[in-house]
There are 2 protein chains.
Amino acid sequence: MIDHFFHPDGVAIIGATDNAAKGGYHILRNTLAGYKGRVYPVNPRYGEILGTKCYPDIESIPENFDLAIYFIPAKSLPDTIRACSKKGVKAIIIESAGFSEVGEEGGQLQRESVDLARSFGIRLWGPNCMGLLDGHSRNVFSFMYTDKWMTLMKPGAVSLIVQSGMLSAGFLMMILERGGMGIAKVCSIGNKCDVNETELLEYLVADEETGVIACYLESIVDGRKFLELARSTPKPIIVLKAGRSEQGAKAAMSHTASLSGSAAVYEGAFRQAGVVQVYDVHELMDFARGFSKITPCGSAGGTAVITFSGGAGIVTSDLLADHGVRLAEFGPETIRALTEVFPPWMKPSHPVDVWPAVELNGLEFVYGKAVEALMQEPNVDSIIIESIAWHLSTPGNLVAAGEMQKRYRKPVVLWQIGHMEANEHYRAVAEEAGIPVFTEISRCAAFIAGVKAHSRKKAVIKTS
Amino acid sequence: MIDHFFHPDGVAIIGATDNAAKGGYHILRNTLAGYKGRVYPVNPRYGEILGTKCYPDIESIPENFDLAIYFIPAKSLPDTIRACSKKGVKAIIIESAGFSEVGEEGGQLQRESVDLARSFGIRLWGPNCMGLLDGHSRNVFSFMYTDKWMTLMKPGAVSLIVQSGMLSAGFLMMILERGGMGIAKVCSIGNKCDVNETELLEYLVADEETGVIACYLESIVDGRKFLELARSTPKPIIVLKAGRSEQGAKAAMSHTASLSGSAAVYEGAFRQAGVVQVYDVHELMDFARGFSKITPCGSAGGTAVITFSGGAGIVTSDLLADHGVRLAEFGPETIRALTEVFPPWMKPSHPVDVWPAVELNGLEFVYGKAVEALMQEPNVDSIIIESIAWHLSTPGNLVAAGEMQKRYRKPVVLWQIGHMEANEHYRAVAEEAGIPVFTEISRCAAFIAGVKAHSRKKAVIKTS
């Protein structure tokens, strides 16, 4: 059933318009830009919009169709559902607001609409949402006001389930503009009166195009099933659960009429189910991007840190400790390999501060040798590389580290400093090579902790 | 005495060279680029470097001078101190490594050198450090390998005391390239064998050019005095204390031979002394930049959040709660003012999600009116603005908010989304107007908590 939303045979747009200041214009424009099937704009005031024949009402559409996108005032929804039922409609995405999030009257209208749709076997998505984007089919059924997705959205492994318009629109575009993240499916679910995050999670867990699922949620309907799905899939599930605090829960109530539930209960349940919990919106996207790149690791060893700065290495050690991640102990082989590139007066320690070695033997040579030594160390299960985007090196090391990450199955993340353009160039190369790059050391540490949590879950799935 | 380091009458550079791959070249180049006084390169192999007469040894320098910058192998330090003592030298910055950080032998050499210097009344800075930068005099006594400071460094209020080369070199340049932060003095103190963070804190607390002091420290010498100074100055003191964890403390020992001390003891002592503690390197710089802009607030009220996204507002509420910061309650006047710009079907709540109002009345108008209403609300002591760098608005709002921040004495921070260029443009305008801009909501929340902690300290100083 959910598939009718993503791959419909025929789409009607209720409230299409040629006024570019209105969402109804953008739904039509976005749909025409990507969707390959039949499109029926509906609005009694136009004969044609954007070169496409427009119908005065649903009744006038000559053929049956699967999906209606609704963007007219809330009160007309029940009539629209009735009209749709006569056209074989399977699914309606309601992007208008004015339902349960505005009070009792809207809530009543929403409940009636759900009952009515159910009686016709029609599924409802939304209301009060931005609809959906599909990075592979390029179906974009959303009133998103920007064309940027047409150039920025690349197909990839990341799917999002978000109970916030921002995360599926302007913010998402900003993330795509940064680059490095491919999209499978983005689901903006708003008030989720019928289709909810748990049903979508089930769909995405089974979806071949989806490799990583990141969720922004204010509440979870059928939480037990959600956790069961998370526990049993090898795909990483990352959740930003909003409304953890009393003041946040109050705000969630007025946003999407969501009852947030106890933060402590969620925290514990997520941990048990191998859900990776995050707390901020960039963090959610960073983790999604990161998990879409890395090779999952074993989780028995420790993390290795190689850095150009003693200070950064110590801060990294502290931040890893905050997340319960320990630095790996090195065996004699690793010490020997590192000693070879170090100056005689300095013994390698951990974090591996390579600066004195770099002064002696050059940045590229030292990082190349040292990262290889760390990959071969049995006590290391993951590596944080701290480096410089600089004229003394090329991104060759990063490509090599990306290849080793796959060969040794030890994920690598990169934190770097450097001048803006060099920084962006090196970052793009690293992420192309499968190495996520983060701006903050604290994000590297949190992500490594998340990767380890996910790896533990995978190990359990494998052996059970 | 410390002033001789920052404003010396005559500087000798021991180990100057014309080889641009060596630090001794860059110390000379950087010194010549900014320092207005006499400069004496010292190296027996050259008659002249960079157009400046070079001396074979210290003895040959014809006049007395205040400061020597040392960048030759460690073992020659005692002889250099003796030679300097005959030239009236008051201060030596030792930028070479090879002292206590490399083991017992180096430690011995370091201690002997301190005793020797003391006997001549010479102060030592370092060793194993990057020296200093002064944003006002443009004295840069550092082997920093880049010219970027010559264009990027603007005079300003931020002084840094850092026990890490990175934070005074490459990383600092990256921060300056981002813009928005003016520099008073940067002190890279390395092994701090003589001049230490506490003495420098005392100097900077009294320094008229310094408004904010940010420190990266692996240990604190004379901690009691450090805390006393922090407690009694109205200037914000921000500290990243590295080596908080067991594995971090071990790393600190091998970096600058620092004994880190107990994390819990520091945490409590910092809180009592009104020191704002941070945990990551970008965070340290973000806080320094932030504090250099904002008007300190009262701390009796709550924080107001105005946003274009219900989801972002909830996440902000949660993250503020994590830091013990509560959302302000609004009185009837504020509710009335907000209601005027809202659509009739939506009551204003808090966080103030203005999107429905923006759709009705435009982004610029709504933000302008709403921010003014929040400024006038007596229960509000600080404001987080979440906005969009977008074609529907101009940065006019940000300029207005910056002016109101000063008039009402209520600090404002900005979190925004938008396309890259617009984002950077709006950010520059906001920071010019005195509004710090942060990339992450969590950083906004942490910073507001820091501002409140600092404001409480200031209130105590004022009344005692």
Side-chain angles (χ1 to χ4, degrees), chain A residues 97-98 102 148 162-167 170-171 173-174 177 216 218 240 242-248 250-252 254-256 279-283 308-315 317-322 326-327 345-346 349-351 353 356 388 390 417-420 423 439-442, chain B residues 97-98 102 148 162-167 170-171 173-174 177 216 218 240 242-248 250-252 254-256 279-283 308-315 317-322 326-327 345-346 349-351 353 356 388 390 417-420 423 439-442:
Chain A
V102 296
K148 293 257 178 185
V162 290
Q163 210 175 338
S164 162
M166 169 184 81
L167 293 166
F171 185 73
M173 288 307 115
M174 189 164 101
E177 194 174 20
Y216 168 84
E218 294 171 11
L240 170 51
R244 292 180 293 117
S245 63
E246 205 180 312
Q247 61 195 21
K250 211 178 130 201
S254 77
H255 184 222
T256 50
Y279 303 91
D280 202 352
V281 292
H282 275 290
E283 192 182 19
F308 61 93
S309 158
I314 302 167
V315 170
S317 306
D318 285 340
L319 292 167
L320 285 171
D322 289 344
R326 62 183 175 76
L327 293 180
W345 55 267
M346 187 151 189
S349 57
H350 195 193
D353 176 2
I388 311 177
W390 201 23
I417 67 166
H419 303 303
M420 273 175 201
N423 236 348
T439 306
E440 309 247 0
I441 299 175
S442 47
Chain B
V102 296
K148 292 257 177 184
V162 290
Q163 210 174 338
S164 161
M166 170 184 81
L167 293 167
F171 185 74
M173 289 307 116
M174 190 164 100
E177 194 174 20
Y216 167 84
E218 294 170 12
L240 170 51
R244 292 179 293 118
S245 62
E246 206 180 311
Q247 60 193 22
K250 211 178 130 201
S254 78
H255 185 220
T256 52
Y279 303 90
D280 202 352
V281 293
H282 275 289
E283 192 182 19
F308 62 93
S309 158
I314 303 167
V315 170
S317 305
D318 286 340
L319 292 166
L320 285 171
D322 289 344
R326 64 182 173 78
L327 293 181
W345 55 268
M346 188 154 190
S349 56
H350 195 194
D353 176 2
I388 311 179
W390 201 24
I417 68 166
H419 302 303
M420 273 176 201
N423 235 349
T439 306
E440 308 247 1
I441 300 175
S442 47

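Lettering of chains follows the sequences in order, A, B, ..., and the numbering in each one begins at 1.
Chosen from A:Val162, A:Leu320, A:Asp322, the residue pairing most often with chain B at heavy-atom distances under 4.5 Å is A:Asp322. When the candidates A:Asp318, A:Leu319, A:Thr439 are compared by the number of heavy-atom contacts under 4.5 Å with chain B, A:Asp318 comes out ahead. Looking only at heavy-atom pairs under 4.5 Å with chain A, the residue among B:His419, B:Met173, B:Met166, B:Arg326 that has the most is B:His419. For the set B:Gly418, B:Ser349, B:Gly170, B:Gly313, the entry with the most heavy-atom pairs within less than 4.5 Å of chain A is B:Gly418.
Nearest heavy atom pair, residue B:Glu218 against residue B:Ala252, reads OE1-O, 3.9 Å. In plain terms, the two heavy atoms of B:Lys148 and B:Glu177 that are nearest each other are NZ-OE2, 4.3 Å.
For B:Leu167, no part lies near chain A; criterion is any non-hydrogen pair under 4.5 Å. Contact annotation for A:Met420: both backbone and side-chain heavy atoms come within less than 4.5 Å of a heavy atom of chain B. Both the backbone and the side chain of B:Ser442 come within contact range of chain A, with heavy atoms under 4.5 Å apart.
You'll find the side chain of B:Asn423 reaches within 4.5 Å of the side chain of A:Met174, heavy atoms only. Between B:Pro351 and B:Leu327 there is a side-chain heavy-atom pair separated by less than 4.5 Å.
Note: A:Ile441 CD1 to A:Ser317 OG = 10.0 Å, rounded to the nearest 0.5 Å.
Judged as a side chain to side chain contact (heavy atoms under 4.5 Å, CB included), and not counting sequence neighbours, B:Glu246 has no contacts.
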